[in-house]
Amino acid sequence: MPTPAADLTTSSPDTVLAAERAHLEYARDQLRRMQASAASLDASTASDPLNAAVLSGVLARRVASLQEDPSTTLFFGRMDQRSAHGSETFHIGRRHVSDVRGDPVVVDWRAPVSTAFYRASATDPMGVELRRRFGVDQGRLTAYEDEHLTSGERSARSALLAAEVERPRSGPMRDIVSTIQPEQDEVVRSDLGRSLCVQGAPGTGKTAVGLHRAAWLLYSFRGRLERSGVLVVGPNRAFLEHVGAVLPSLGEVRVRHATVDALLAHDTVRAEDSPQVALLKGDERMAEVLRRAVWQDLGRPREPLVLPRGARRWQVPASEVQDEMDALVRRGLRYSAARELLPRRLAHLVMLRLERSGDFPGDRAQEAIARSAPVRAYAAALWPALDPATLLARLLSDADALAAAADGLLTEAEQHTLRWSAPPRSARAARWSRADMALLDELADLLERTPSLGHVVLDEAQDLSPMQLRAVGRRASTGSITVLGDLAQGTTPWAATSWREAMGHLGRPEHELVVLDRGFRVPGLVIDFAARLLPVIAPGLGAPRSVRDNPGRLDIVAADPARRSAAVVEAVGAATGEPGSVGVIVPDAFTDAIARALERAGIAHGRLDADHGDDEDRQVELVPASIAKGLEFDRVVVVEPSAIAAAEPDERTGLRRLYVVLTRAVSGLTVVHSEPLPGALGAG
């Protein structure tokens, strides 16, 4: 069974710990040798300047990747595994380190052999005789624990593992390579060809699992994914800043991060829709409305194509032109691609007539005919050029155009809801909303195919509308996707009610659903308190189970309305007396008032709604409730739960927002309120 960490600190070193420290120094020596070897390579030996520049960039990235992080160690674990060749020892770390012969000194956590380190158990040891975990402090090995998996004894829960999971947070999210659990590892190492949906309760590590999956895929399928690209999509900038250091810490710097808004930024958002309008614009029926709107612009040939050539005038009947247009439509091409082909198809019809007359003008004649003014003008009249903004502005302004596209799909009342009450003079003057961006993206894809990436990781997917999900899904149309979310944390009126439906909108009706319900981050007292909301916000969804030994702390502070700000300041002051981060999560409308109260009390803090991109490390962050999703703090002070819930357009959405807010705490939660708590939360 694991040796207690307290008995194995540096105050009483033993020969085992001394040997492991010696191996760590040897690994560092080998890493320095690898770096020096990479730095000595000369890019100028390449065959030409272009290749030399490319090789120089590759070598620079190689040298940078061999830098050691002095705050940690090159390995965090070891396993002794029985194989056909006898017993072999592997030290598991964040990167591969080899000696001069090429033999491994440290094995990358993503390598196939490392799988057993994460998944081996007493019931299925996978050939692992010994699993050793290390305690680490500022680059030094401070302790170790051993599990003898083939001894027949059931291993106790690792104290070092628990200490690492519960270690105080500061700054952005860190990697979890040393604490990945078996069920998480199965998600991380799923094959590139599989699209996964991970339903993860708060604190189950779903976001970290998605990021580590991206790192594992890049390691295992690097050649393919470095060409096609990997994208991580998050809900907001604060979230991306929080998770942005994870992949670079694992050596992966070529992964693009984007919010949904940035991904769909076809124009400037200058208007805000009512929830009713936004809900309708995000409805999946809009995809068919837009498809009809694009293709109903096609004309019908009434007159033949006439092409003067020399002394003769060649004619192509309107019926043959229509046949060619119908054939292009049937091919399923994007609108603009088919439009570019039409002059060539018309030129082909002219060429057939030339050849039947005995004229053989040569191979270049068809292209010249396609480029001729009569043919291009004739084709353009039948197949007009379109752009997304002009087309959408016409739909939202013109009742007849919308009625033609929405016939049988949207009721007259819904069409009236969609139309602008005061149409702009032109598309350039339009005041687009956030929901319009997904419609513009759909139209852009109908006109020209959206390029596909090799893999997309989509976090907080439950909050996206069907049209937003379609937009993300088309960016992985020829690749795969990892979807992360929690149905109970849906905080938009259009939030998903089932993963089967959401994955369908993403274009992945065939997918694998994985449920993570073991909470490693949120302590028991906190998650049990928040879970009182589940019967209302997500009926039938099982409550998460905290597996932490420390139940955490929960304080409910009822304050007189006149002393609410003072009570918040007192709670924050008490929270700052311990190491680790403090999040003060407030109703959006309270942000300025609470900021002033903290300033008067002399409590230094950041504001996540105002300080994006500021790298200053602060213990206290003031967080509007609307952007709290995905963030985590050691201790959280939640201000006025009822006001947080009431700020949303309906009760279910409001209580889901509150559920998100209450589950941001890693160690302790203090709830300060002067209004009565929501009824569902007060029960139990």
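Worth saying up front: this structure is predicted, and the values here are computed from it rather than measured.
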At what distance, to the nearest 0.5 angstrom, does CE of Met467 lie from CG of Asp283?
9.0 Å
Stepwise salt bridge (Lys or Arg N to Asp or Glu O under 4.0 Å) test for Arg434 and Glu272
CA-CA 7 Å; Arg434 185 169 181 256; Glu272 184 174 351; over 6 Å; no
Can a donor-acceptor pair be found, under 3.5 Å and without considering hydrogens, that links the side chain of Thr492 to the backbone of Asp463?
yes
Check: Val666 main-chain N/O paired with Asp634 side-chain donor or acceptor under 3.5 Å:
no
Check whether any side-chain heavy atom of His455 lies under 4.5 Å from a side-chain heavy atom of Leu218, and answer yes or no.
no
His605 side chain to Ile603 main-chain N or O, any donor-acceptor pair under 3.5 Å?
yes
Partners passing salt bridge (charged side-chain N to carboxylate O under 4.0 Å, His left out) against Arg553 (at least two apart in sequence or in another chain):
Asp555
Do the side chain of Gln619 and the main chain of Glu578 share a donor and acceptor less than 3.5 angstrom apart?
yes
Salt bridge (charged side-chain N to carboxylate O under 4.0 Å, His left out) partners for Arg657, two or more places apart
Glu648
For the OG atom of Ser667 and the CZ atom of Arg521, what is their distance to the nearest 0.5 Å?
10.5 Å
Less than 4.0 Å between a side-chain N and a carboxylate O, is that true for Asp261 and Arg237?
no
Counting only N and O atoms by type, is there a donor-acceptor contact under 3.5 Å from the side chain of Thr204 to the main-chain atoms of Ala201?
yes
Would you compute the distance between atom CG of Leu631 and atom CD of Glu621 and round it to the nearest 0.5 angstrom?
9.0 Å
Looking at residues at least two apart in the chain, or sitting in another chain, which of them share a side-chain hydrogen bond (donor to acceptor under 3.5 Å, both in side chains) with Arg652?
none
Can you confirm whether Arg270 is buried at CZ, in the sense that more than 12 heavy atoms of other residues, nucleotides or ligands lie under 6.0 Å from that atom?
yes
d(Phe76 CZ, Leu141 CG) to nearest 0.5 Å is 12.5 Å
Does a salt bridge link Lys281 with Asp273, judged by any charged N lying under 4.0 Å from a carboxylate O?
yes
For Gln489, does its backbone N or O pair with a side-chain atom of Lys629 as donor and acceptor, under 3.5 Å?
yes
Do the side chain of Arg656 and the main chain of Ile537 share a donor and acceptor less than 3.5 angstrom apart?
yes
